[in-house]
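Sequence positions, counted from 1, serve as the residue numbers for this chain.
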Amino acid sequence: EIADILIQEGNAKAIAYNLENFQGLNHKEIADILIQEGNAEVLTYHLKKFQGLNHKEIAEILIRKGESWSVARNLGKFQGLDSKVAELLIEAGEIRYVAINLEKFQGFNLELAELLIEAGEWWFVALYLNRHPEVLPDRGARRGIMELLERREAKQTTEDNKNGDDEEI
């Protein structure tokens, strides 16, 4: 009864804050209401309290609704995200959050690496591959990423030389 009153008053976020105190609620329905009310940050912050939600689907919906920042800043609370979600976040401008949290995304691939390297986040790609060589067992894909990293390094060296960054002090 209290939950129904809160929803009718447009205050579903109060339910999210105290979800553990409510019994028998449809968590997906509450999540949908939070999204409709524009409370993406409340949903993502309290995501671990919600049972039976498809985190990948929630992330994609929020990103498409312009709430990528809410997903990016709460990546640690999501489970089951893949490279498609990572690419959506990158397209939405959340490049650094993806780069720092690569381990949160399943299906790391050459396309994702290329997007990050082109965006200047090559260091995080190299670090991730060094720590997790098992994510790319295919030597061809791994070689492709290494070539991208080498091209990025060569490009950076050329730019530094043009800018005089190689001068001795």
Might you confirm whether atom CD of Glu134 has over 12 heavy atoms from other residues, nucleotides or ligands at distances under 6.0 Å?
yes

To the nearest 0.5 Å, tell me how far Lys49 NZ sits from Ile15 CD1.
12.0 Å

If you draw a 6.0 Å radius around CD1 in Ile2, do more than 12 non-hydrogen atoms from other residues or ligands fall strictly inside?
no

Looking only at heavy atoms, what is the nearest atom pair of Ala113 and Phe108, with distance?
CB-CZ, 3.8 Å

Criterion side chain to side chain contact (heavy atoms under 4.5 Å, CB included) on Leu102 and Leu116, from CA distance to verdict:
CA-CA 10 Å; Leu102 280 173; Leu116 290 168; 3.6 Å; yes

State whether a side-chain donor-acceptor pair under 3.5 Å links Glu67 with Trp69.
yes

Under 3.5 Å, is there a donor-acceptor pair between the side chain of Lys28 and the main chain of Asn54?
no

Between the CG atom in Leu81 and the CD atom in Glu103, the distance rounded to the nearest 0.5 Å is 11.0 Å

Over all heavy atoms of both residues, which pair between Ala86 and Val98 is shortest? Give the atoms and the distance, please.
O-CG2, 3.8 Å

Test Leu34 against every option in Lys13, His46, Glu41 by the side-chain contact (heavy atoms from CB on, under 4.5 Å) rule and name the one that passes.
Lys13

Do side-chain atoms of Thr44 reach the backbone of Asn74 as a donor and acceptor pair under 3.5 angstrom?
no

In terms of heavy-atom contacts, does CZ of Arg131 have more than 12 from other residues, nucleotides or ligands at under 6.0 Å?
no

Taking the side chain as every heavy atom from C-beta outward, state whether Asn109 and Glu87 have any pair of such atoms under 4.5 Å apart.
yes

Judged by modelled atom types alone, do Glu37 and Asn39 share a side-chain donor-acceptor pair under 3.5 Å?
yes

Interatomic spacing from CD1 in Ile30 to CG in Leu25 - rounded to 0.5 Å
5.0 Å

Side chain His27, main chain Phe50, donor-acceptor under 3.5 Å:
no

In this structure, CZ of Phe105 is separated from CG of Leu75 (nearest 0.5 Å) by 4.5 Å

Might you work through the side chain to side chain contact (heavy atoms under 4.5 Å, CB included) test for Val71 and Tyr97, ending with a clear yes or no?
CA-CA 10 Å; Val71 174; Tyr97 284 97; over 6 Å; no

Going hydrophobic residue to hydrophobic residue with side-chain gaps under 4.5 angstrom, can you get from Leu47 over to Tyr45?
no

So CG of Leu115 and CG of Leu148: to nearest 0.5 Å the spacing works out to 10.5 Å

Any side-chain to backbone donor/acceptor pair from Asp82 onto Val85? Under 3.5 Å, distance only.
yes

Hey, what do you get for OG (Ser83) to CD1 (Ile90), rounding to the nearest 0.5 Å?
9.5 Å

